[in-house]
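Quick notes on the structure that follows.
Chain A is the first sequence line, chain B the second, and so forth, proteins listed ahead of strands; every chain is numbered from 1.
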Amino acid sequence: SQQGEEDPQALSIQEGENATMNCSYKTSINNLQWYRQNSGRGLVHLILIRSNEREKHSGRLRVTLDTSKKSSSLLITASRAADTASYFCATDANDMRFGAGTRLTVKP
Amino acid sequence: EAGVAQSPRYKIIEKRQSVAFWCNPISGHATLYWYQQILGQGPKLLIQFQNNGVVDDSQLPKDRFSAERLKGVDSTLKIQPAKLEDSAVYLCASSLGRREKLFFGSGTQLSVL
């Protein structure tokens with residue numbers, strides 16, 4: 001398939017813990033993007049990382065990119081109940097196609 | 001800055017009927033996307049426009065779905081005739097360009113009975 005593939009499919013953690021989710025893709029990219037979707041709503045852009053970047057931070061979010069392995073990871077530190085959502089990745093090389101996402105549940 | 005506007009928010013129709021969704025992207029955004037999201041799945045790209053030209057419609061079921069983007073601004077997505085499996089949320093997104101971040105609308109939830 002051409003879209004990014006997120007892993008794991010589901011993740012359940014306690015508030016305060018860190019959450020890590022992964023994305024793999026198949027072709028060379030210029031950038032990779034992560035999005036969040038709260039139940040029943042549109043997706044919200046979180047962070048964009050370019051192919052010449054290895055790591056990027058935004059608040060409690062940390063994204064890494066390994067172009068040799070064609071993979072990226074999203075780390076959410078000190079998670080909160082409000083982080084409960086589905087998280088998706090997409091790359092420019094696949095015309096912004098999304099995978100099935102990782103469903104994160106943060107328990108208070 | 002106004003976001004991506006979609007209407008209607010909800011739509012209930014019977015199978016074999018027709019339905020149309022409307023999307024108004026953020027002003028100045030050249031690229032517009034339509035996605036179909038079935039419950040529990042990720043958004044599936046149906047069609048991508050660059051201005052008023054189609055970039056990718058490889059996953060659009062062209063026997064029943066059609067989309068247009070007149071004058072490179074607003075867009076409509078039509079289903080005719082609808083099937084039960086078309087029940088989903090239809091999301092519109094726009095971006096400045098093809099490699100830029102996407103801004104999504106709230107979606108239209110379609111139920112086909």
Are the side chains of Leu45(B) and Met96(A) in touch, meaning some heavy atoms are under 4.5 Å apart? no

Which atoms of Gln37(A) are under 4.5 Å from chain B, going by heavy atoms: the side chain, the backbone, both sets, or neither? side chain

Leu43(A) versus chain B, the contacting section by heavy-atom distance below 4.5 Å: both

Heavy atoms under 4.5 Å from chain A: which residues of residues 82-98 of chain B carry them? Leu91(B), Arg98(B)

Closest non-hydrogen atoms of Asn30(A) and Arg99(B), given as atom of the first, atom of the second and distance, are ND2-NE, 3.0 Å

Is there a continuous path of hydrophobic side-chain contacts, each under 4.5 Å between heavy atoms, that joins Phe21(B) to Phe103(B)? no

Please check if the side chain of Tyr35(A) supplies one atom and the backbone of Leu102(B) the other of a donor-acceptor pair under 3.5 Å. yes

Quick check: under 4.5 Å, non-hydrogen atoms only, which of residues 105-113 of chain B neighbour chain A? Gly105(B), Ser106(B)

Decide whether Leu46(B) and Val54(B) are clustered together by the hydrophobic rule: side chain heavy atoms of Ile, Leu, Val, Met, Phe, Trp, Tyr closer than 4.5 Å, transitively. yes

Could you have a look at Glu6(A), His45(A), Arg103(A) and say which one has the most heavy-atom pairs with chain B under 4.5 angstrom? His45(A)

Examine Leu61(A) and Tyr87(A) and state if one hydrophobic cluster contains both, with Ile, Leu, Val, Met, Phe, Trp and Tyr joined whenever side-chain heavy atoms are less than 4.5 Å apart. yes

May I ask you to check whether over 12 heavy atoms, not counting those of Lys56(A), lie within 6.0 Å of atom NZ? yes

Would a hydrophobic clustering, with Ile, Leu, Val, Met, Phe, Trp and Tyr connected at side-chain separations under 4.5 Å, put Ile47(B) with Phe104(B)? no

If you look at every heavy atom in Phe88(A) and Gly42(B), which pair is closest and at what distance? CE2-CA, 3.5 Å

Has Glu55(A) got more than 12 heavy atoms of other residues, nucleotides or ligands less than 6.0 Å from its CD? yes

